[in-house]
Asks: 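Mind looking over this structure? Questions follow.
Chain naming here is simple, since letters A, B, ... match the order of the sequence lines and numbering starts at 1 in each.
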Amino acid sequence: MNRVLSSLHRRLASVYLLIVFFALWQIVPSAGFVNATYLTPLFRVIREIPIVGYFNLATDVLISLKRVAIGFLISTAAALPLGFVLAGALPKLAKFLNPLLLFLSQIPPFILFPVFVIIFGVGESGIVTVIIWSAVWPILFNTISGINMVDPLLVKCARSMCADKLTIFLEVVLPSSLPSIMTGMRSGLTLCFLMLIGAETMGANSGMGWEINMAQRMAVIPRIYLMALIVAVVGLAINYLFEWIERTLITWKEAERDALA
Amino acid sequence: MSENKISIENACKYFYGKERRGAASKFVAIRNVSLDVREGELLSIVGPSGCGKSTLLDLLAGLEPLSDGAIYIDGGKVTGPDLRRGIVLQGYALFPWRTVRENVEFGLEIKDAEKKEMKETSQHFIKLVGLEDFADKYPHELSGGMRQRVALARALAYGPEILLMDEPFAAVDAQTRETLQEELLHIWEETRKTIIFITHSIDEAIFLSDRVAVMTSSPGSIKSILSVDIERPRNSDRATAEFSSLRREIWSLLQNDAARGDEIEQEYCGEKAV
């Protein structure tokens, strides 16, 4: 019995705090410690779901996810090859461009949103551009640093076995820098999602961010909390999915860290 | 020349530093190294660290171009990397994302070997270095000595005639080191490869080699070549009179160099902007 309990405890240890958090969310406002108008109790928030409508919520989530997917794919497709070329073939150019790239990467995409709208028009393209702008930098920088950190000994070893440049890139450089690239992609994806919600509140007529904006305008406070909850759950889900992909792709990474410790 | 497997003639290697005050600084890593290695010979190169041993090995491997002189293998000039030479680098240099078998098969993949042949060959060499139970493990799951064996098997797998080894046993503990030395001799006797073995351990050089080349530093050049006429199989306690006198001889060659090395280095610093 004790053993069952302790194994249960170990399994739940990471979620205890969440359980407490949700319990407090319900108890604190409903017991009157805080004004329930401003902090809607959890169950009231959940009852908001049928009011918005399951279909509407699902549509919001799917539309937002579609935008994240498009933006993330485009920024990956742009940043990865650019990083490979800059770090692998043109290191001098990379050094030359670095200050400018760092400077640009510090500009929050929202500031540029009006500019994007002027250039790319109102609607989808403006939103997607914001996402691309946010995701491109971490992917690009991590790709470059990943390639710069490839162990020269491994490259030397491959060269000694007559590997040509393409083989060295595919068999040595790419797997060596994969952990760093994946880290960049993961932060890019997280940023994509965060920025998307923001961009949707600014200029969209669908999606989770738009729904939040509408709730704000109509002062439907429970709906704001509900959308925040959904955004957090979807964000976590995306993160878990990516972690899983990372784990299946990089089987050697964790152990390599062990060996260093 | 025909009986010499490897022939190094007046090999020189310079590295050029950044330009300073209008003139590029030139560093002489190796100056006028000449050395002949016979077919099937095991020759060690001993020297202080930074004497250009590893540079010499890079030249032999064809990984770096010579600044002057030439290296011939079977009478043919070395112009680039070649699968007739296998290399075991300092620090294993195993691919961490490949299993033992996949590491050993790397050179065979480049050679475009057939799947079946590849599997048989890798199996053979994994067995030769005694790792058949670890074929599907990743490098991080192995001890230092095991990783070194994988690196050796990888270099042997694509069938080189010459094995170039750069301080291969420097990173393992003393006990493992002696085991690996004996295993290397065993493999050498079985495969009859020509081996150039770089080390900074005098004992290791004597125990393994037919001849020992002693290198001096800055600029790296060969000071002396000694024959090791100790009968094989050699006594692993390394305490015989012949062994000791050779050890003393090499040691004093290196000592002289160490004393002179400081002078040379100071001189070099003074004339950095040649």
Side-chain angles (χ1 to χ4, degrees), chain A residues 80 84 88 91-92 95-96 142-143 145-186 243-261, chain B residues 54-55 57-64 78-99 102-113 136-144 147 150-151 154-160 162-166 168 171:
Chain A
L80 280 187
F84 290 150
K92 282 197 181 130
K95 221 175 164 187
F96 176 71
N142 277 288
T143 305
S145 76
I147 289 183
N148 286 339
M149 284 189 312
V150 172
D151 187 353
L153 206 60
L154 294 181
V155 176
K156 187 175 169 182
C157 180
R159 276 184 61 214
S160 79
M161 291 189 265
C162 296
D164 53 42
K165 286 204 160 140
L166 183 66
T167 312
I168 290 177
F169 176 73
L170 292 176
E171 296 290 339
V172 182
V173 174
L174 207 54
S176 281
S177 49
L178 194 59
S180 179
I181 292 173
M182 293 302 276
T183 307
M185 284 175 74
R186 180 133 68 111
E243 246 176 41
W244 175 79
I245 294 174
E246 232 178 309
R247 263 205 314 273
T248 25
L249 271 177
I250 307 171
T251 44
W252 68 91
K253 180 183 168 188
E254 222 161 328
E256 203 53 8
R257 227 186 285 127
D258 284 349
L260 284 173
Chain B
S54 297
T55 309
L57 192 105
D58 285 353
L59 299 178
L60 278 162
L63 291 169
E64 288 274 352
V78 170
T79 51
D82 188 327
L83 284 175
R84 284 182 306 166
R85 276 155 291 160
I87 296 188
V88 181
L89 291 164
Q90 197 174 353
Y92 322 126
L94 298 179
F95 303 113
W97 51 88
R98 286 174 164 250
T99 62
E102 287 163 349
N103 262 288
V104 173
E105 284 173 358
F106 190 91
L108 297 164
E109 282 171 23
I110 288 168
K111 244 183 162 179
D112 261 332
D136 296 315
K137 298 262 189 244
Y138 284 95
H140 68 257
E141 296 170 285
L142 308 176
S143 68
R147 289 184 209 185
V150 179
R154 179 176 61 185
L156 288 167
Y158 48 85
I162 297 166
L163 211 52
L164 304 169
M165 306 181 80
D166 187 5

Asks: Report yes if some heavy atom in the side chain of A:Glu171 is under 4.5 Å from a heavy atom in the side chain of B:Arg98; otherwise report no.
Replies: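 Of all side-chain heavy-atom pairs linking B:Arg98 with A:Glu171, at least one is under 4.5 Å.
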Asks: Nearest 0.5 Å please: distance from the NZ atom of A:Lys156 over to the CD atom of B:Glu64.
Replies: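 A:Lys156 NZ to B:Glu64 CD: 8.0 Å, rounded to 0.5 Å.
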Asks: B:Phe106, B:Tyr138, B:Tyr92: which one forms the most heavy-atom pairs within less than 4.5 Å of chain A?
Replies: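 Counting heavy-atom pairs under 4.5 Å, the top option is B:Phe106.
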Asks: Does atom NZ of B:Lys137 have more than 12 heavy-atom neighbours, drawn from other residues, nucleotides or ligands, at distances under 6.0 Å?
Replies: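 Open.
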Asks: Any heavy-atom pair between the side chains of B:Ile87 and A:Met161 that's under 4.5 Å?
Replies: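 No; the side chains remain at least 4.5 Å from each other.
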Asks: Could you walk me through whether B:Leu63 and A:Ser160 satisfy the side chain to side chain contact (heavy atoms under 4.5 Å, CB included) test, starting with their C-alpha distance in whole Å, then the side-chain angles of each, then the deciding distance to 0.1 Å, before giving a yes or no?
Replies: CA-CA 7 Å; B:Leu63 291 169; A:Ser160 79; 4.2 Å; yes
Asks: Please flag which part of B:Leu94 lies under 4.5 Å from any non-hydrogen atom of chain A: side chain, backbone, both or neither.
Replies: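 Only the backbone of B:Leu94 comes within 4.5 Å of chain A.
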Asks: Give me the atom names and distance for the closest heavy-atom approach of A:Cys162 to B:Ile110.
Replies: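 The pair with the smallest heavy-atom distance is O-CG2, 3.7 Å.
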Asks: Mind checking whether A:Ser176 and B:Phe95 have side chains closer than 4.5 Å, heavy atoms only?
Replies: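 They are not in contact (no side-chain heavy atoms under 4.5 Å apart), so the answer is no.
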